[in-house]
Amino acid sequence: QPPPGHFYSRLYGPTPLPPPHCFGFNAVDDLSDLRVGVYRAWLEDCHPEVFARAEEVLAYLQQKGATVVPVEIPNLEVMALAHGASISVDFALEHEEQRFRHPETLEPSTHIQLALGGGFSGCELAACAWVRAYAMEVLEELFEGQRLSCLFTPTLGTLPPPMPAAAKRTGESNTTLVMQLIQYIFLANLCGHPGVSVPAGLSGEGAPIAVHVLARHWEEHVCLRMANALDIPAFRSWPPSFVDLLRDG
């Protein structure tokens with residue numbers, strides 16, 4: 001039972017928190033009890049190499065018995081905008097004192113981001129909260145109506161970009177790139193759903209590619225089971241700059 005005044009108490013009421021567990025973690029040879037939601041138009045809206053790897057992972061899941069369920073998620077662009085605005089405001093509030101008292105400690109790109117977050121009105125922030133509530137209802141109805149175990153997407157919409165040399169000195173302000181990078185993972189962050197990123201191999205130039213699994217609230221065990229099922233040599237990846245912290249740390 002969460003203590004009085006705790007965030008979970010305000011969000012979920014007096015309902016006791018479910019006990020943590022890893023149910024089914026090792027049940028990876030037969031996935032026939034899993035229903036994997038895929039919004040095809042969304043899945044395809046990514047770099048060709050990312051899409052190809054995601055398709056390979058989906059084929060593997062189906063080979064193991066998982067059912068792929070076609071789904072649609074309306075108003076994703078509005079949800080993404082609400083997410084971006086919300087975290088920009090949070091970021092601006094968190095660093096407001098630093099921005100004005102010690103501006104020399106921030107990169108130029110960070111000053112731009114903080115200025116963007118500080119420019120939203122209270123009404124706009126309230127609208128973002130309404131959109132978040134709407135998004136949570138959409139996902140709940142989707143999981144319930146389609147009896148989904150999880151939603152499946154790539155992790156990033158593009159390949160990991162190289163860092164421009166100038167960014168090492170000034171940082172980089174590239175909102176378009178940021179939105180491409182988070183175009184799939186924002187939904188779990190916006191609605192508070194558990195999610196996990198799982199390696200899916202390397203690109204032709206050796207950049208890591210991953211897929212993302214989003215489960216219902218309190219069903220982290222589904223994410224862990226999916227990650228365990230996909231932990232096979234075909235999808236494991238070690239980029240050229242990989243550091244094994246357990247071995248070399």
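On a predicted model such as this, the values are computed, not experimentally measured, just so you know.
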dist Gln180:CD -> Asp45:CG (nearest 0.5 Å) comes out at 9.0 Å
Supply the atom-to-atom distance Cys191 SG to Phe186 CZ, rounded to the nearest 0.5 angstrom.
8.0 Å
Ala27 and Arg225: which non-hydrogen atoms are nearest, and at how many Å?
O-NE, 2.8 Å
Is the shortest side-chain heavy-atom distance between Val78 and Tyr134 below 4.5 Å?
no
Test your reading of the model: is there a side-chain donor-acceptor pair from His212 to the backbone of Ser197, 3.5 Å cut-off?
no
Kindly work out whether a path of hydrophobic side-chain contacts (I/L/V/M/F/W/Y, heavy atoms less than 4.5 Å apart) joins Val138 to Leu214.
yes
Flag, side chain of Gln113 to backbone of Phe91, donor-acceptor distance under 3.5 Å:
no
Check the angle between the aromatic planes of Tyr60 and Phe235 and answer parallel, tilted or perpendicular using the 30° and 60° thresholds.
perpendicular
Salt bridge check: are Arg216 and Glu140 linked by an N-O gap of less than 4.0 Å?
yes
Here the pair of heavy atoms bringing Ser203 nearest to Leu159 is CB-CD2, 3.8 Å
All heavy atoms of Ala135 vs all of Met79, minimum pair found to be CB-SD, 3.7 Å
Hydrophobic cluster membership, with links at side-chain heavy-atom distances under 4.5 Å among I/L/V/M/F/W/Y: are Ile73 and Phe51 in one?
no
Flag side-chain contact, heavy atom, 4.5 Å: Leu142 against Leu148
yes
From Asp29 CG over to Lys64 NZ, what is the distance, rounded to the nearest 0.5 angstrom?
5.0 Å
Do Thr153 and Tyr39 have side-chain heavy atoms sitting under 4.5 Å apart?
no
Flag the pair Glu144 and Arg35 as a salt bridge only when some basic side-chain nitrogen lies within less than 4.0 angstrom of an acidic carboxylate oxygen.
no
For a side-chain contact (heavy atoms from CB on, under 4.5 Å) with Leu114, tell me which candidate from Glu94, His95, Glu96 qualifies.
His95
Which atom pair, heavy atoms only, marks the closest approach of Val222 to Ser149?
CG1-O, 3.5 Å
Side-chain donor or acceptor of Glu49 paired with backbone N/O of Gly204 under 3.5 Å
yes
For Leu202 against Pro208, the heavy-atom pair lying closest together:
CD2-CA, 3.7 Å
Answer whether the closest heavy-atom distance between the side chains of Val36 and Met226 falls below 4.5 Å.
yes
Sole candidate of Asn228, Asp231, Thr155, Leu230 that passes side-chain contact (heavy atoms from CB on, under 4.5 Å) when paired with Val198
Leu230
Please step through side-chain contact (heavy atoms from CB on, under 4.5 Å) for the pair Tyr184 and Cys46, ending with a clear verdict.
CA-CA 10 Å; Tyr184 297 111; Cys46 61; 3.4 Å; yes
Any side-chain heavy atom of Val69 sitting closer than 4.5 Å to one from Arg147?
no
Do Thr175 and Met179 have side chains that approach each other closer than 4.5 Å (heavy atoms only, starting at C-beta)?
yes
Give the C-alpha distance, both sets of side-chain angles, the deciding distance and a yes or no for side-chain contact (heavy atoms from CB on, under 4.5 Å) between Ile209 and His47.
CA-CA 10 Å; Ile209 295 175; His47 189 282; over 6 Å; no
When you compare the side chain of His111 with that of Pro103, does any pair of heavy atoms fall below 4.5 Å?
yes
Non-hydrogen side-chain atoms of Met136 and His217 separated by less than 4.5 Å
yes
Shared ILVMFWY cluster between Ile232 and Val28, side chains joined below 4.5 angstrom?
no
For Gly24, is there any backbone N or O sitting under 3.5 Å from a side-chain donor or acceptor partner on His221?
no
I would like to know whether Leu177 and Leu181 meet side-chain contact (heavy atoms from CB on, under 4.5 Å); could you show each step before the answer?
CA-CA 6 Å; Leu177 176 60; Leu181 291 174; 4.1 Å; yes
As a quick check of understanding, evaluate side-chain contact (heavy atoms from CB on, under 4.5 Å) for Val50 and Leu156, giving each step before the final call.
CA-CA 8 Å; Val50 174; Leu156 301 182; 5.9 Å; no
Report yes or no: do Phe120 and Val178 belong to one cluster of Ile/Leu/Val/Met/Phe/Trp/Tyr joined by side chain heavy-atom distances under 4.5 Å?
no
What are the two closest non-hydrogen atoms of Leu187 and Trp42, and how far apart are they?
CD2-CH2, 4.2 Å
Nearest 0.5 Å please: distance from the CG atom of Leu34 over to the CG atom of Leu61.
8.5 Å
Working to the nearest 0.5 Å, report the span between CG of Asn75 and CG of Leu81.
11.5 Å
His21 atom NE2, neighbour heavy-atom count above 12 within 6.0 Å:
yes
Mind checking the CZ-CG spacing from Phe23 to Leu224? Nearest 0.5 Å is all I need.
13.5 Å
Crowding at CD, Glu55 (>12 non-hydrogen neighbours, <6.0 Å)
yes
Between Leu139 and Leu76, is there shared hydrophobic-cluster membership here, with clusters defined by ILVMFWY side-chain heavy atoms closer than 4.5 Å?
yes
